[in-house]
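Treat the numbers as computed from the prediction; the structure is a model and nothing was measured. Every chain is numbered from 1 and lettered A, B, ... according to where its sequence line falls, protein lines coming before strand lines.
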Amino acid sequence: MRTPPTRPAPIHPLNRAFFARSPRRVARELLGKVLLRDSPGLRLAARIVEVEAYLGENDPAAHASAGNTLRTAVLFGPPGYAYVYFIYGNHYCLNVSCGREGKAGSGVLFRALEPLLGIEEMARARGFPPPSLGDAQMKDLRKLTSGPGRLAQAFGITRARDNGSDLASPHAGLWIGDDGFRPIRIEITPRIGITQATDRPLRYILAGNPFVSGRRTPAKN
DNA sequence: ATATCGATTATCT
DNA sequence: GATAATCGATATG
């Protein structure tokens, strides 16, 4: 019997110090890392391919610009914790707090992932009927985790379940790991879906990765 | 292929 | 009372 063609690389959690840096730095460094959800008998894993930095109370586009409120408290706490918010009455989105504790309320928004493990389960969580996965192509897989609301749904992330949870430790089940993957090329663009500070280059993506959110085929230049 | 629009609720003004 | 770090459906070229 041969060994399987690929064995999953060992994954280790990130240090607290990883998150205790500027949101720009954390955003860039998060590209290529892996988001994991461990539950009894099941692991979900997906590579981080698109994130955005939110700079804190002085960033007009950031939730933290409203100050340290009940909603945004996690952003103002220690780094490495999940800030989950509910938007448009429909969707949850995941951030991780960063910077130094109590400082600026900065964070990084997870915008798109590339599914690695537990794809069937992600599809189920997204509400796709079982047969749809058999003929799933790249286009369909993109709909699993390409977008902040989509990836949260695929991972079963809610405010009640995950807000304030420690992403630097596997203990709570939702965490971020390093499997040795290193990005080839990173692109930086303005952030998406905001109405304030729309031209600041704070969106970080793995160049050319098909799971990055947004338009696939630009019409013309 | 791109454009527009409705859903649905926590949060802030 | 208005708005929002979105998504999916529908309409139209």
CZ/Arg24(A): more than 12 non-hydrogen atoms of other groups inside 6.0 Å: no
Ser65(A)-Glu57(A) side chain donor-acceptor pair, cut-off 3.5 Å: no
Is Arg25(A) salt-bridged to Glu29(A), going by a charged N under 4.0 Å from an acidic O? yes
Rounded to whole Å, the CZ-P distance (Arg142(A) to dC7(C)) equals 11 Å
Answer with yes or no whether the hydrophobic clustering places Met122(A) together with Leu42(A); edges join I, L, V, M, F, W, Y residues whose side-chain heavy atoms lie under 4.5 Å apart. yes
So does Asp140(A) pair up with Arg126(A), basic N to acidic O under 4.0 Å? no
Presence of salt bridge, Asp179(A) and Arg47(A), under 4.0 angstrom: yes
Summarise how protein sits on nucleotides 8-13 of chain C as a single string, 5' to 3': B when a protein heavy atom is under 4.0 Å from the base, S for sugar-phosphate-only contact, - for no contact. S-----
Linking Ile, Leu, Val, Met, Phe, Trp and Tyr through side-chain heavy atoms less than 4.5 Å apart, which residues share a cluster with Leu202(A)? Leu55(A)
Flag yes if Leu113(A) and Leu117(A) sit in one hydrophobic cluster, no otherwise; membership is Ile, Leu, Val, Met, Phe, Trp, Tyr, and two members link when side-chain heavy atoms are under 4.5 Å apart. no
Determine the interplanar angle of the Tyr85(A) and His63(A) rings, folded into 0 to 90°, and report it as parallel if under 30°, tilted if 30 to 60°, perpendicular if over 60°. perpendicular
Classify the side chain of Tyr85(A) versus the base of dA4(C) as yes if they form a donor-acceptor pair under 3.5 Å and no if they do not. no
Should Thr195(A) be listed as having a side-chain N or O under 4.0 Å from OP1 or OP2 of dT3(C)? no
Do the non-hydrogen side-chain atoms of Ile157(A) and Leu174(A) ever get within less than 4.5 Å of each other? yes
Using a cut-off of 4.0 Å between protein heavy atoms and nucleotide atoms, how would you tag nucleotides 8-13 of chain B 5' to 3' with B, S and -? BB-SS-
Phe19(A) six-ring face occupied by Arg100(A) cation (under 6.0 Å, within 45°): no
Between which residue ranges does DNA chain B form stems of three or more consecutive Watson-Crick or G-U wobble pairs, both distances under 3.5 Å? B:1-7 with C:6-12, B:9-12 with C:1-4
Where along residues 106-118 of chain A does a heavy atom fall under 4.0 Å from DNA chain B? none
Between dT3(C) atom P and Ile194(A) atom CD1, what is the distance in whole Å? 17 Å
Please list all pairs passing the salt bridge (Lys or Arg N to Asp or Glu O under 4.0 Å) test where one or both residues lie in residues 145-167 of chain A, with sequence neighbours left out. Arg16(A)-Asp166(A), Arg37(A)-Asp162(A)
Take atom CZ in Arg200(A); do more than 12 heavy atoms of anything else shown fall under 6.0 Å from it? no
